[in-house]
Amino acid sequence: MQNLFKEVKIKLQQALHDAFNLDVGIDQIEVQKTSHQKFGHLQTNVSLKLSKQLRLPPPKIGQVLTDYLSKDNTFSKVEIAGPGFINFFIHPEFFNSTLNQLKDDPYLGVNVMPSHPHVVVDYSSPNVAKEMHVGHLRSTIIGDAICRFLTFVGWDVIRQNHIGDWGTQFGMLIEYIIQNELDIKNENITKCYQQAKKMFDEDTEFAKKAKERVVMLQQHDEKTHSIWEKLVAQSEQHFTEVYEQLDVLLGEADVRPESFYNPKLQPLIDYLQKENISSIDQGAKVIFLDGFKDKDNHPLPMLIQKSDGGFLYATTDLAAIQFRIETLKAKRVVYCVDARQQQHFDMLFAAANKIGWCDESIDLNYALFGTILGDDGKPFKTRSGDTVKLLPLISKAIEKATTIVSTKNPSWDQQRVNETARTLAVASLKYSDLCNDKIKNYAFSYEKMLSFDGNTAPYLLNAYVRVQSLLRKANISMDQALDYTLNITEQNEIQLAYHLVLFSYEVETISTSLELHRMCHYLYQLASLFHHFYEHQPILRAETNEQKESRLCLVGISSKILAQGLNLLGIKTLDHM
RNA sequence: GCGUCCGUAGCUCAGCUGGAUAGAGCAACAGCCUUCUAAGCUGUGGGUCGCAGGUUCGAAUCCUGCCGGACGUGCCA
């Protein structure tokens, strides 16, 4: 099924050919939504664009095209307007037939890729021996939604959780644990880590031992390695708990930690040296890349091995990108990372190109996001200035949602309240993060995200709940509603139907651009149009049975698309609230 | 200094590859529940799109230069 824009473009292409003997590429024809209902549904500016080429004034071109296209029964009206726009009014019959087809399509009109190329999505990436905190929230939520979109349109998605489980910090932590004879099962590892860090900075003797411990870890010293393994296992348990709480897809199979790449680093460095891709500068091994400058305007290289022989995060990222391209056969790689890392990844991609791992057919990209801010406009912290841990943050959202749900439904038992509140809280956390352009910083607020007014998860879920309630009252399932024949006639039915037809276009656009907030705005608009329709058209009390069935069908399609859209964002729906 | 990103209503934000009179929500005010969940709907007020040029039939959008803010800028990640 073509999306509506493309369908109209093809018609225009044909019209230009027939009327002016002019062949124009489909990509050069612009068709867009009108800015105003009174201008119809779609408009094109081709007559303005082609005026010079055809050596005719825009209104003249517009008139010819309008006469030609008026015969097409897709449109109820085609008119020229303003300086030469052509406005298209779509015939309700078109919406009826399109939606009657779409309702049985599991992909809801979305064009699914015929082949299933591999895409690697790198996201979440917490660190072992540290609790997950607010800094991991956006990567986890955004990455999860991206995976869901890409899977839906046909990519073979390979999730990669690049866990930080290696490096000097483990030397000091393990040394601290051994010296104090601690059993890590009974310890707060975050506190141990802070203590170890403090000693490392203050006590030179301890620092020396910690550095020796790093070497022992790398050499697989049995005692050292077994403590490390326990630390990793304990942390992974914590990560799993967070992922379950957030309903994200990440599991143990998606973990590919830094330590996995460790054996590959020295051979990689040797290879790059041998091939003269890297060089030695100021005692360190580096790759010089065009276009990167330091603060003195000198060439800024990517540092891949320190002068003491140690590796850096660029080294591991380099090994990882090679693995993803060569072993995982990725045709596309998406890094869901903080915008502050942009330059690092620009260098990484440039290096991958320079080394020759990828050609133009491989799309290396990032989904950059801004910082979560508190009420004060500064990075979100606790009152005492500490980083906000994820589990308490989720708990607090659930707690606030519980109050809201139990107030509204005093007769519900505790379990029902808890389950509903959990879904509502997680939906709110995710939606408030996803609904703004991700490159921008955003202000975190429990009150706003849990509000039923405006562009929020509760508002959308409520629209869905009203639909479910309606279907219960009609005593039919959603599938039964979809079996009815759609036959819309009223203005607010047409507005809603028009919006529903555009779902496929939105999904396809987002799968390329990764502008997840577009889906939020699409769904918000869908919910508004639905509420509008619901308030103004009787459904169960429609005048005729045919009208009632048509409206139930429209309700069914609306709810199906609403649920699918939310699902792509990683948000679960509710039947009652 | 250089680089990246951001600047749209009092507040939080949309505005896609340039298109007609720049849109939502919150907050403020005024209406609508014997009638499908009023956690909803309807209406009113509120703007030199940071500033100045340029390109264009046409600029919030593209280009250049400023102003303001955030971040980055070789041995942390």
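Atom set for the values below is all heavy atoms of this structure, side chains included, hydrogens, waters and symmetry mates excluded. Quick caveat: nothing in here was measured; it's all calculated off a predicted structure.
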Give the rounded distance in Å between these two atoms: [atom1] of [X] and [atom2] of [N].
X: A:His344; N: B:C75; atom1: NE2; atom2: C1'; answer: 14 Å
X: A:His532; N: B:G43; atom1: NE2; atom2: P; answer: 8 Å
X: A:Met347; N: B:C76; atom1: CE; atom2: P; answer: 15 Å
X: A:His36; N: B:U21; atom1: NE2; atom2: P; answer: 11 Å
X: A:Arg518; N: B:C13; atom1: CZ; atom2: P; answer: 20 Å
X: A:Ile439; N: B:A14; atom1: CD1; atom2: C1'; answer: 17 Å

Side chains of A:Asn262 and A:Gln218, donor plus acceptor under 3.5 Å:
no
For A:Met577, answer base if it contacts any base atom (sugar-phosphate contacts may also be present), sugar-phosphate if it contacts only those atoms, and nothing otherwise; contact means non-hydrogen atoms under 4.0 Å.
base
By the rule that syn is within 90° of 0, classify the base conformation of B:C33 as syn or anti.
syn
Is it the case that the base of [N] and the side chain of [X] share a donor-acceptor contact (distance under 3.5 Å, atom types as modelled)?
X: A:Gln282; N: B:G74; value: yes
X: A:Asn45; N: B:G19; value: yes
X: A:Gln43; N: B:A20; value: yes
X: A:Asp338; N: B:A77; value: no
X: A:Asp281; N: B:G74; value: yes

Output the single nucleotide from B:G18, B:G40, B:U35 whose closest atom is nearest the side chain of A:Arg541.
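Nucleotide nearest to A:Arg541's side chain: B:U35.
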Does the side-chain ring of A:Phe85 lie flat on the base of B:G19, meaning centres under 5.5 Å and planes less than 30 degrees apart?
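By the stated criterion, A:Phe85 and B:G19 do not stack.
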Any heavy-atom pair between the side chains of A:Thr140 and A:Leu390 that's under 4.5 Å?
no
Need to verify one output field. Residue with the more 5' nearest nucleotide on RNA chain B, A:Asn297 or A:Gln341?
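In this pair, the answer is A:Asn297.
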Return the 5'-most residue of the pair A:Pro379, A:Ser528 with respect to RNA chain B, ranking by each residue's nearest nucleotide.
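The answer here is A:Ser528.
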Atom P, compared across B:C6 and B:G10: separation rounded to whole Å:
22 Å
Stem segments of RNA chain B by first residue number [Watson-Crick or G-U, under 3.5 Å, at least 3]:
B:1-7 with B:67-73, B:10-13 with B:23-26, B:28-32 with B:40-44, B:50-54 with B:62-66
Which residue in the set A:Phe452, A:Tyr464, A:Tyr524 passes ring-ring contact (aromatic ring centres under 6.0 Å, His included) when paired with A:Tyr459?
A:Tyr524
